[in-house]
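A short write-up of the structure that comes next.
Numbers for residues simply follow the sequence, beginning at 1. Note that ligands are numbered from 1 as they come in the structure, with each ligand's atoms numbered from 1 the same way. What you see below is based on every heavy atom in this structure, not just the backbone, and it leaves out hydrogens, waters and symmetry mates.
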Amino acid sequence: MAISTLTAHAARLRAADLVSLAAHRANQSRLSGAGWTLDLSRHFLDDPAEQALGALAESAGLSGALVDLFSGAEVNPSEDRSALHWALRDTSGPAPGARAVYETGQAALALARAIEEGRQVGHTGRPFSAIVHIGIGGSDFGPRLISDAFSDMATPGVTVRFCANLDPLDLDLALTGLDPETTLISGISKSFGTEETLYNLNRARQWLQQALGEGWSNHMALVTANVTRAQRWAGSETPLILDLPETVGGRFSIWSAGSLACMISLGPDLFEDFLAGAAAMDQHVRTSPLQTNMAVRLALLDVWNSSVMGFSSRAVLAYSRRLRLLPTYLQQLEMESNGKAVTPDGAPVPLATAPLLWGGEGTIGQHSYHQWLHQGTQIVPAEFILAPGSHSDPEGVLSLSAHVLAQAEVLANGRSLAEVLAAEPGLDPVIAAQKEHRGGRPYTLLCTPTLTPHALGALIALYEHRTFLAGRLWGVNSFDQWGVEAGKTMAAQIKPALRGNQRATDPVTASLVEIQRGSPIPSEGH
Ligand code: F6P
């Protein structure tokens, strides 16, 4: 299946009217699985184009890709690894090593249970009532998302805080008001070599040591794939060390011991519901034919919109208070996984790959960037997620749903000048022109009746599989991230310049270093 076939369809459909395209697709483009419904009616697609995408799925071997993933084949060739994140939620994974991966998550759940039941306490015998999670990127976004999503379900009397930033204020705030005697620090770093995390862990250890002396290590749990480095960091003391398997990538580790803080603050039972939701989605993705497989269809849509139609960004609009951190989480999952331009063989990818992903919480975004979405000059496919966090007030849920459907319809169908004037007869034509919406903005809708832990697990597993499959279609390795290394190395080279020990080699950087050191930049001619 050549991409030129899809390009030919796009040339025809780009000029088509989204209203009539959607009229033929309503009801045909609806899929469901693991408690979620997916509607793909309003995209620049018709039957021939869908068939061409189906042929692409076949020729790119998406069924085989899923078999590879779930059988533990080496899907991460640049690091010689399989990707076994799914095993953390699978009690029966037959793939080599899958059971061992599952057990690592269970060990963290067992620790959370021991803390919940008061069997694991602090150095002075007092129970833990606060947990501070220290980690960054994939060792931060997931647990932060779950904690925020279900903060109302947290165990009463247990405080959870997060710290990721090198800005010293982040840890200062995370520790404010906490008592070291009742605080557990949970340090997550797969590599145990990440500067931000080690910086914050060093400061957190000092804070514990000042109050507890050698007892500090009873108040620290380290989650890592590099136990040797963690032990070296701990010195003669022995903090708790939990395993983060090498085959679980950071941005796929939300299911792992890295989420210890959530397991403790929200309770292990809630976390198990979250895992069960993901397992249900795994089952859907593993067993559904390509045509009705939500992850496959979303991956194909990503290629269609980004690489073929040329839409370079996608807006995730989460109509759910519980999902307000989801766009941030997905940015790492999708953009770190598929923001690549070279195949595992080192050849350039001939297509645009992952789009810029951005978004926020509905309806709040309606009072901000929706203006740009509706009447701006760029077309951005939207992804609405309707998943109320509570049904405590049916009227609120009804309004939330009404707003999603209204925003979606106006984006797609627009509002013509005639409609504006029909609604406001006699309106000044100059104003009327400004009230026109061109429409033609495609969108996806994902919905579930209530955003429970089970529903969140299913949703994130869906995005994980979509990301992997889209990566296969683009021909990139979704499980490595070489592009983040150069900046880290450069920061290490700039530090001596900031300390005044040497000069930065790049002239612009050198002048900016001078500003940071408090010396004015000499103006031209001086
Ligand atoms: O810099 C990118 C990255 O390697 C991410 O992929 C990862 O999630 C994050 O840093 C944190 O890494 P670690 O868990 O090894 O500290």
All side-chain contact (heavy atoms from CB on, under 4.5 Å) counterparts of Gln283, not counting sequence neighbours: Thr287
Any sub-3.5 Å donor-acceptor pair from Thr450's side-chain atoms to Thr452's backbone N or O? no
Chain-and-number sorted residues having a heavy-atom contact under 4.0 Å with ligand 1 are Ile136, Gly137, Gly138, Ser139, Ser189, Lys190, Ser191, Thr194, Gln332, Glu336, Gln481, Val484, Lys488
Got a donor-acceptor contact below 3.5 angstrom from the Thr224 side chain to the Asn226 backbone? yes
Between Trp358 and Tyr369, is the ring centroid distance below 6.0 Å? yes
Quick one: are the ring centres of Trp255 and Phe274 less than 6.0 Å apart? yes
I want to know whether Phe70 and His465 have ring centres closer than 6.0 Å. yes
